[in-house]
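First comes the structure, then the notes that go with it.
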Amino acid sequence: DLLDPQVGDHVDRNSWHVGVVHGLFDILSWRYESHPDVFVSCDLKMIWRIRGLSNPSPDVGVIPGVRDKARFRRSFDVRKEGTRPALVIEVVSDEPEHQSADHDEKVRIYERAGIPEYLILDPPYPTCRLTGHRLDAMGRYQPIPPDSEGALLSTTIGVRFRVSPEGRTLHLFDASTGERLLSSSEVRIELERLRARRD
C-alpha cells in the first residue's frame with residue numbers, strides 16, 4: 001500500500017504528518033499559483049510505466065512543464081504528461097514500515113524514475129530530521145549537503161528547506177532573496193496586521 005497504492009487502499013496518518021504535508025502543499029501551491037505550467041501534487045499516484053517499478057503516491061511533488069495544470073487527475077502518468085516531478089517530498093510517519101519505505105525503497109524508486117531531487121522529513125523525536133538526495137551526472141542519488149544553517153537547497157525549484165526552530169516542521173526560503181515563504185494563513189494574518197496598522 002505504501003509503495004504502489006491501488007484504488008481503495010488506505011494508509012493511516014497521524015495528525016503531525018497530515019499537518020506538515022498540508023502545510024508544505026499550501027506553501028508550494030501558493031508559490032506557484034501564478035505559474036500555469038507548474039503543478040504541485042499531494043498524495044497523487046505517479047505512473048512511471050517502467051517495468052518492475054512501483055508507482056507510489058508522494059506526499060508532495062513539484063512538477064514543472066505541465067500542459068493543463070487545472071485538469072482533473074486521479075493519477076499522474078509521466079509518459080502521457082510528458083514531464084515528471086522535479087522534486088518529491090516524503091514526510092515519514094511514526095510507523096517502522098513507513099520509515100523503511102521512505103528511506104530505502106522509495107530512494108531506489110525515485111532514483112530509477114529519474115526524479116532529480118528527493119527530500120525526506122522524519123518525525124520530531126524530539127526534533128525533525130531532514131535529509132535529501134540529488135541525482136548526479138550518472139543518474140545516481142547523492143546526499144544533498146546541508147549549508148551552515150542546516151538547510152537543504154533544492155536547486156530544481158530554488159528553495160531552501162530548514163527545520164523550524166521548534167523542530168516540528170519545515171520553513172521554506174526563497175534561495176535568491178532569502179525571504180521565508182508563507183502559508184496562505186500566514187499571508188492572511190500579515191494582511192490583517194497591515195490593515196490594522198493602516199486603520
Side-chain angles (χ1 to χ4, degrees), residues 1-5 9-31 40-46 54-62 85-113 115-135 140-175 178-186 189:
D1 292 356
L2 294 172
L3 301 178
D4 201 356
D9 286 348
H10 177 72
V11 177
D12 290 330
R13 308 289 189 191
N14 61 52
S15 58
W16 170 83
H17 182 279
V18 171
V20 172
V21 170
H22 288 187
L24 289 169
F25 176 73
D26 179 59
I27 292 169
L28 291 169
S29 295
W30 183 265
R31 177 177 173 83
V40 180
S41 69
C42 182
D43 205 25
L44 185 67
K45 185 177 176 71
M46 296 290 145
S54 297
N55 300 289
S57 301
D59 286 327
V60 178
V62 180
L87 169 69
V88 160
I89 306 170
E90 295 283 10
V91 178
V92 183
S93 187
D94 54 355
E95 298 292 333
E97 63 268 23
H98 291 223
Q99 296 170 18
S100 174
D102 290 333
H103 280 283
D104 299 319
E105 289 94 338
K106 287 184 183 177
V107 171
R108 291 189 286 270
I109 291 169
Y110 294 140
E111 180 185 72
R112 190 172 167 204
I115 304 304
E117 292 177 327
Y118 172 35
L119 301 183
I120 308 167
L121 183 70
D122 283 295
Y125 296 136
T127 62
C128 293
R129 182 173 65 103
L130 178 65
T131 54
H133 304 272
R134 180 180 294 128
L135 288 180
R140 295 300 194 121
Y141 271 151
Q142 301 298 330
I144 299 176
D147 64 19
S148 60
E149 296 181 325
L152 299 186
L153 171 64
S154 168
T155 58
T156 58
I157 67 169
V159 171
R160 290 174 64 244
F161 292 79
R162 189 175 77 201
V163 174
S164 60
E166 79 282 359
R168 293 189 54 81
T169 188
L170 287 178
H171 282 173
L172 281 61
F173 300 86
D174 185 292
E179 181 181 4
R180 187 163 83 84
L181 305 180
L182 303 178
S183 67
S184 57
S185 60
E186 288 175 317
I189 290 169

Next item on the list: Without swapping roles, check the side chain of D174 against the backbone of G178 for a donor-acceptor pair under 3.5 Å.
Entry: no
Notebook entry, point to check: What closest approach, in Å, do H17 and V92 show between heavy atoms, and which atom pair accounts for it?
Noted result: CD2-C, 4.1 Å
Notebook entry, point to check: Considering all heavy atoms of both residues, which atom of V91 and which atom of D102 are nearest to each other, and what is their separation?
Noted result: O-OD2, 4.0 Å
Margin query: Could you measure the distance from the CG atom of L182 to the CD1 atom of I189? Nearest 0.5 Å is fine.
Written below: 9.5 Å
Check: Just by modelled atom types, is the T169 backbone N or O under 3.5 Å from a matching donor or acceptor in the S164 side chain?
Finding: yes
Check: Taking atom OG of S93 and atom CH2 of W16, what is their separation to the nearest 0.5 Å?
Finding: 8.0 Å
Note to self: Does any part of the side chain of H133, heavy atoms only, come nearer than 4.5 Å to the side chain of Q142, both counted from C-beta?
What the structure shows: no
Next item on the list: Working to the nearest 0.5 Å, report the span between CZ of R160 and OG of S154.
Entry: 12.0 Å
Check: OG1/T127 to CZ/R129 distance, rounded to the nearest 0.5 angstrom?
Finding: 10.0 Å
Margin query: Once ring pair (Phe, Tyr, Trp, His ring centres under 6.0 Å) is applied, do any residues pair with F173, and if so which ones, sequence neighbours excluded?
Written below: none
Item checked: Result of checking I144, D122, I120, L121 against L130 for side chain to side chain contact (heavy atoms under 4.5 Å, CB included) -> L121
Next item on the list: Check whether the side chains of S184 and D26 place a donor and an acceptor atom closer than 3.5 Å, and report yes or no.
Entry: yes
Checklist line | Y110 versus P58, closest heavy-atom pair with distance | finding: OH-CG, 3.4 Å
Notebook entry, point to check: What closest approach, in Å, do I157 and R31 show between heavy atoms, and which atom pair accounts for it?
Noted result: O-NH2, 3.3 Å
Checklist line | Closest non-hydrogen atom pair, L153 against E117 | finding: O-OE2, 4.0 Å
Notebook entry, point to check: Are any side-chain N or O atoms of S183 and backbone N or O atoms of E186, one a donor and one an acceptor, separated by less than 3.5 Å?
Noted result: yes
Next item on the list: Can you sort out the partners of E111 under side chain to side chain contact (heavy atoms under 4.5 Å, CB included), two or more places apart, ordered by chain and number?
Entry: L135, R140, Y141
Notebook entry, point to check: side chain to side chain contact (heavy atoms under 4.5 Å, CB included) with I89: which of V62, L24, D59?
Noted result: L24
Checklist line | Residues, nucleotides or ligands: over 12 heavy atoms within 6.0 Å of E166 CD | finding: yes
Note to self: I need the minimum non-hydrogen distance between V20 and R168, along with the two atoms involved.
What the structure shows: CG2-O, 3.8 Å
Check: Out of curiosity, L170 CG to F161 CZ, how far, rounded to the nearest 0.5 Å?
Finding: 7.5 Å
Next item on the list: Please step through side-chain contact (heavy atoms from CB on, under 4.5 Å) for the pair L28 and V60, ending with a clear verdict.
Entry: CA-CA 9 Å; L28 291 169; V60 178; 3.9 Å; yes
Item checked: Gap separating the NZ atom of K45 from the CG atom of D43, nearest 0.5 angstrom -> 11.0 Å
